[in-house]
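Notes for the one structure printed next.
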Amino acid sequence: MAVQISPSILSADFARLAEAAAAVPNADWLHVDVMDNHFVPNLTLGLPVVESLLKATSTPLDCHLMIEDPDRWAPSYAEAGAGSVTIHVEAAKAPVRTLRQIRRAGARAGLALNPATPVEPYEDLLGELDMLLLMTVDPGFGGQRFLDMVLPKIRRTRELVDRHGGQVWLQVDGGVSDATIERCAEAGADVFVAGNAVYGAEDPARAVDNLRALAAKG
Ligand SMILES: O=C(CO)[C@H](O)[C@H](O)COP(=O)(O)O
Ligand SMILES: [Fe+2]
């Protein structure tokens, strides 16, 4: 699968989200971090902002829900028009039902795993998924240091996914930068979220191109 880059608007200016979207016309997705101050100790944005963003950009939205009770909230993001909706396995009580609802509403269904959550117990869920998100930091904040300890899990997940036909995208999120993206790609990731590495750069679009080129090497 070709490399995909999903800049995280968590690292952009929240008063200028439409401009942040326009700054990366070469991105495959815009990554939207929804945090509720319960599942993670930070509060960001919710459905009304996602609805406004959908009107402001044609880049598909990759919504990463770091919230309690995703079973209740996730389908609304898909119904609103998000291209991809990812729920955390640590928070979902009925992940299969919720993933099916996301797909039925026309979005790609994603399942996210924290760094300390093993992937093996979820092998049977692969058929319900369009994307597996392996967090490479503990979720909650942008600008954290990439956790190398997740690399073996990325490798094992790539093997699992390939054994099941290779349809499921493998996304990494957290501390992905010029310095770490090749290692992630080499381990088997194909969708790369980057917040600080894109919006902390002087030229965000150039940063996307650089990340893409480095990932393609890995
Ligand atoms: O989900 C997230 C944090 O929980 C963000 O998507 C992630 O941290 C991106 O920011 P950065 O690339 O700066 O680490
Ligand atoms: Fe994220």
Side-chain angles (χ1 to χ4, degrees), residues 3-14 17 20-21 23-24 27-46 49-50 53 59-68 70 73-74 77 82-92 107-117 130-151 154 169-185 189-202 204-208 210-212 214-215:
V3 165
Q4 300 186 65
I5 307 290
S6 186
S8 170
I9 56 165
L10 182 62
S11 301
D13 181 346
F14 271 18
L17 289 180
V24 287
D28 301 281
W29 298 88
L30 269 188
H31 185 83
V32 181
D33 288 306
V34 177
M35 303 185 186
D36 67 349
N37 203 29
H38 290 273
F39 181 68
V40 288
N42 197 4
L43 186 66
T44 55
L45 51 82
V49 175
V50 166
L53 208 44
T59 305
L61 300 189
D62 163 29
C63 292
H64 175 196
L65 306 188
M66 285 161 277
I67 59 173
E68 295 291 357
W73 299 109
Y77 287 82
S84 174
V85 181
T86 297
I87 59 169
H88 266 264
V89 72
E90 302 86 359
R108 297 179 63 86
L111 191 69
L113 274 60
N114 283 341
T117 304
D130 298 302
M131 185 167 80
L132 249 175
L133 163 49
L134 298 184
M135 291 302 301
T136 40
V137 298
D138 273 320
F141 303 95
Q144 299 184 80
R145 198 187 157 98
F146 179 84
L147 292 174
D148 276 300
M149 58 165 273
V150 185
L151 286 167
I154 300 173
W169 294 352
L170 184 42
Q171 184 178 66
V172 284
D173 182 11
V176 175
S177 68
D178 286 5
T180 58
I181 196 165
E182 281 184 71
R183 270 178 275 163
C184 295
D190 47 21
V191 187
F192 303 86
V193 176
N196 266 30
V198 170
Y199 287 110
E202 212 162 293
R206 221 168 100 186
V208 168
N210 283 344
L211 288 167
R212 196 189 297 283
L214 287 169

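Just so it is clear, the values below take in all heavy atoms, side chains as well, and ignore hydrogens, waters and symmetry mates. One-based numbering, in listed order, for ligands and for the atoms of each. Along the sequence shown, residues are numbered consecutively beginning with 1.
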Distance-minimising heavy-atom pair for [X] and [Y]:
X      : Y      : answer
Thr59  : Leu30  : CG2-N, 3.8 Å
Phe192 : Ala215 : CE1-CB, 3.8 Å
Met35  : Gly140 : SD-O, 3.1 Å
Val3   : Ile5   : CG1-CD1, 3.9 Å
Ala107 : Val85  : CB-CG2, 4.2 Å

[X] heavy atoms, cut-off 4.0 Å: which ligand 1 atoms fall inside?
X      : result
His31  : 6 (O)
Pro139 : 4 (O)
His64  : 1 (O)
Asp33  : 1 (O), 2 (C), 5 (C), 6 (O)
Val193 : 6 (O)
Met66  : 1 (O), 4 (O)
Gly142 : 8 (O), 10 (O), 13 (O)
Ala194 : 12 (O)

Discussion item. Checking Ser6 against Asp62: is there a side-chain donor and acceptor pair closer than 3.5 Å?
Written reply: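 Per modelled atom types, Asp62 and Ser6 side chains form a pair under 3.5 Å.
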
Counting only heavy atoms, tell me which of Gly140, Ser6, Ser8 gets closest to atom 4 (O) of ligand 1.
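Looking at heavy atoms only, the winner is Gly140.
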
Go through the steps for Val40 and Phe141 under the test side chain to side chain contact (heavy atoms under 4.5 Å, CB included), then give the verdict.
-> CA-CA 9 Å; Val40 288; Phe141 303 95; over 6 Å; no

Of the options Val137, Val150, Thr136, which is the one that meets Val172 in a side chain to side chain contact (heavy atoms under 4.5 Å, CB included)?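 Only one option passes, and that is Thr136.
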
Note the single closest protein heavy atom to [atom], along with its residue, its atom name and the distance in Å.
atom                    : answer
atom 12 (O) of ligand 1 : Gly195 N, 2.8 Å
atom 14 (O) of ligand 1 : Gly175 N, 2.9 Å
atom 3 (C) of ligand 1  : Phe141 O, 3.4 Å

Is [X] reaching over with its side chain to a backbone N or O of [Y], donor-acceptor style, under 3.5 angstrom?
X      : Y      : result
Asp130 : Ala109 : yes
Glu90  : Asn114 : yes
Thr44  : Asp33  : yes
Asp148 : Leu151 : no
Asp36  : His38  : yes

_Heavy-atom pairs closer than 4.0 Å: do any link ligand 1 to the side chain of Asp173, the backbone, both, or neither?_
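Under 4.0 Å from ligand 1, Asp173 contributes side-chain atoms alone.
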
Against ligand 1, does Gly143 come closer than 4.0 Å with any heavy atom?
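It does, in that a heavy atom of Gly143 comes within the 4.0 Å cut-off of ligand 1.
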
### Query
Protein N/O/S atoms under 2.8 Å of the Fe ion (ligand 2)?
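You should have found His31 NE2, Asp33 OD1, His64 ND1, Asp173 OD2.
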
